[in-house]
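Below is one structure, written out as structure tokens; comments come after it.
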Amino acid sequence: MSASGYFVPEHDFFARSAVEIAPLLLGARLTHETDAGTVVLRLTEVEAYLGNGSDPGSHAYRGRTRRNGVMFDEPGHVYVYFTYGMHVCANLVCSPPGTASAVLLRAAEVMEGLPLAQARRGEAPPRDLARGPARLTVAAGIRLDENGSDALATPFGLELAARPPAGLTGPRVGVSGAGGGEAYPWRFWIAGDPAVSVYRAATTRGARRLRTPPPSRG
DNA sequence: TTCCTGATTGACT
DNA sequence: GTCAATCAGGAAG
């Protein structure tokens, strides 16, 4: 442990439940390096997703696919996925190989590399640049083709807070169906931190579609 | 093969 | 508050 109050974990650190690890990631420093420069984020909000078919909200619930394969591999690696046709989100893989649990990085504050993050995301205060899982990957410059990378090796880097800040828990954001709601209170965020995303309940396209009635012939 | 949904965001009313 | 954008995965036929 360094005098700065941060320490670099071993891969073994991640070989346990995502629910156990998620709160320990609050306040951690995540580094990502590209040709354009380096951005350092301070994690303010995460969500845990479990494997072994125990979590209906998890991508791994129905077993291994081409997309979620990294979740089933080595803990301490990065699972990056593409969603909604345009967004990229990043997770840290947890638990022993074959378990497929992970922690979604939902929000962070930009600590270093502010000009670079602003070049990617537009002018905004550091607290807003990475507030949201897809915003976070854009601000840090994390790309889909980095899926499966080691979170503890270049171009990534991770330093955990020796004393993680006080966190709160609640239902996961945007998770519909059985995996959502109070039954799975696996969202963790830093109490009172402005760089935490806004809670939105899950929405379904079907509900929207019903709002557009077919043309009447009356 | 077709159709629907989704661990989201930003623009618009 | 409401809704479109846009594509991969998964269920159903």
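Residue numbers start from 1 in every chain, and the chains themselves are labelled A, B, ... in the order their sequence lines are given, proteins ahead of strands.
OP1 and OP2 of B/dT9 both lie 4.0 Å or more from every side-chain N or O belonging to A/H87. In this structure, A/R135 reaches the B/dG10 phosphate: one of its side-chain N or O atoms is under 4.0 Å from OP1 or OP2. Residue A/S176 has a polar side-chain atom (N or O) positioned under 4.0 Å from OP1 or OP2 of B/dG6.
Cation-pi check for A/R16 over A/F13 is met; the charged atom lies under 6.0 angstrom from the ring centroid and within 45 degrees of its normal. Figure legend: cation-pi geometry between A/R172 and A/F188 absent, as NZ or CZ is not positioned both under 6.0 Å from the six-membered ring centre and within 45° of its axis.
The distance between atom CZ of A/R64 and atom P of C/dG9, rounded to the nearest whole Å, is 14 Å. Between the CD atom of A/E47 and the P atom of B/dG6 there is a distance of 15 Å, given to the nearest Å. Going from atom CG of A/L144 over to atom C1' of C/dC7 covers 11 Å, rounded to whole Å. When rounded to the nearest whole Å, the span between CG of A/N91 and P of B/dT8 equals 11 Å. A straight line from CZ of A/R62 to P of B/dA7 spans 10 Å, rounded to a whole angstrom. Atom OH in A/Y199 sits about 11 Å away from atom P in B/dT8, given to the nearest Å. Across the protein-nucleic acid pair, A/H59 atom NE2 and C/dC7 atom C1' stand 13 Å apart, rounded to whole Å. Atom CZ in A/R172 sits roughly 16 Å away from atom C1' in B/dT8 (whole-Å rounding).
Side-chain atoms of A/Y84 and base atoms of C/dA5 include no donor and acceptor less than 3.5 Å apart.
At a threshold of 4.0 angstrom between heavy atoms, the contacts of A/G57 include nucleobase atoms, whether or not backbone atoms are also involved. Contacts of A/R200 with the nucleic acid, taken as non-hydrogen atoms under 4.0 Å apart, include base atoms. Within 4.0 Å (heavy atoms only), A/R131 reaches no atom of the nucleic acid at all. Heavy atoms of A/R67 sit under 4.0 angstrom from primed sugar atoms or phosphate atoms, though from no base atom.
Residues A/R131 and A/D193 are not paired through a salt bridge, judged by the lack of any N-O separation under 4.0 Å between the basic side chain and the carboxylate. Note on A/E109 versus A/R42: salt bridge recorded, some NZ/NE/NH1/NH2 to OD/OE distance being below 4.0 Å.
Separation of the C1' atoms belonging to C/dG1 and B/dA7 is 23 Å when rounded to the nearest angstrom. Only the P atoms considered, B/dT5 is 16 Å distant from C/dC3, to the nearest whole Å.
Of the possible polar contacts, one joining the A/R67 side chain to the A/F82 backbone as a donor-acceptor pair under 3.5 Å is found.
The A/M86 side chain lies nearest to C/dT6 when the options are C/dT6, C/dG9, B/dA7. With B/dA7, B/dT9, C/dG10 as the choices, the nucleotide that has an atom nearest any side-chain atom of A/P133 turns out to be B/dT9. Considering only the side chain of A/A134, B/dT8 comes nearest among B/dT8, B/dA7, B/dG10.
Taking the six-membered ring for Trp and thresholds of 30 and 60 degrees, A/H77 and A/H11 have ring planes inclined between 30 and 60 degrees apart.
Across every strand in view, C/dA4 sits in a pair with B/dT9 that passes the Watson-Crick or G-U test at under 3.5 angstrom.
Here A/Y81 does not pack flat against the base of B/dA7, since the 5.5 angstrom centre distance and 30 degree tilt limits are not both met.
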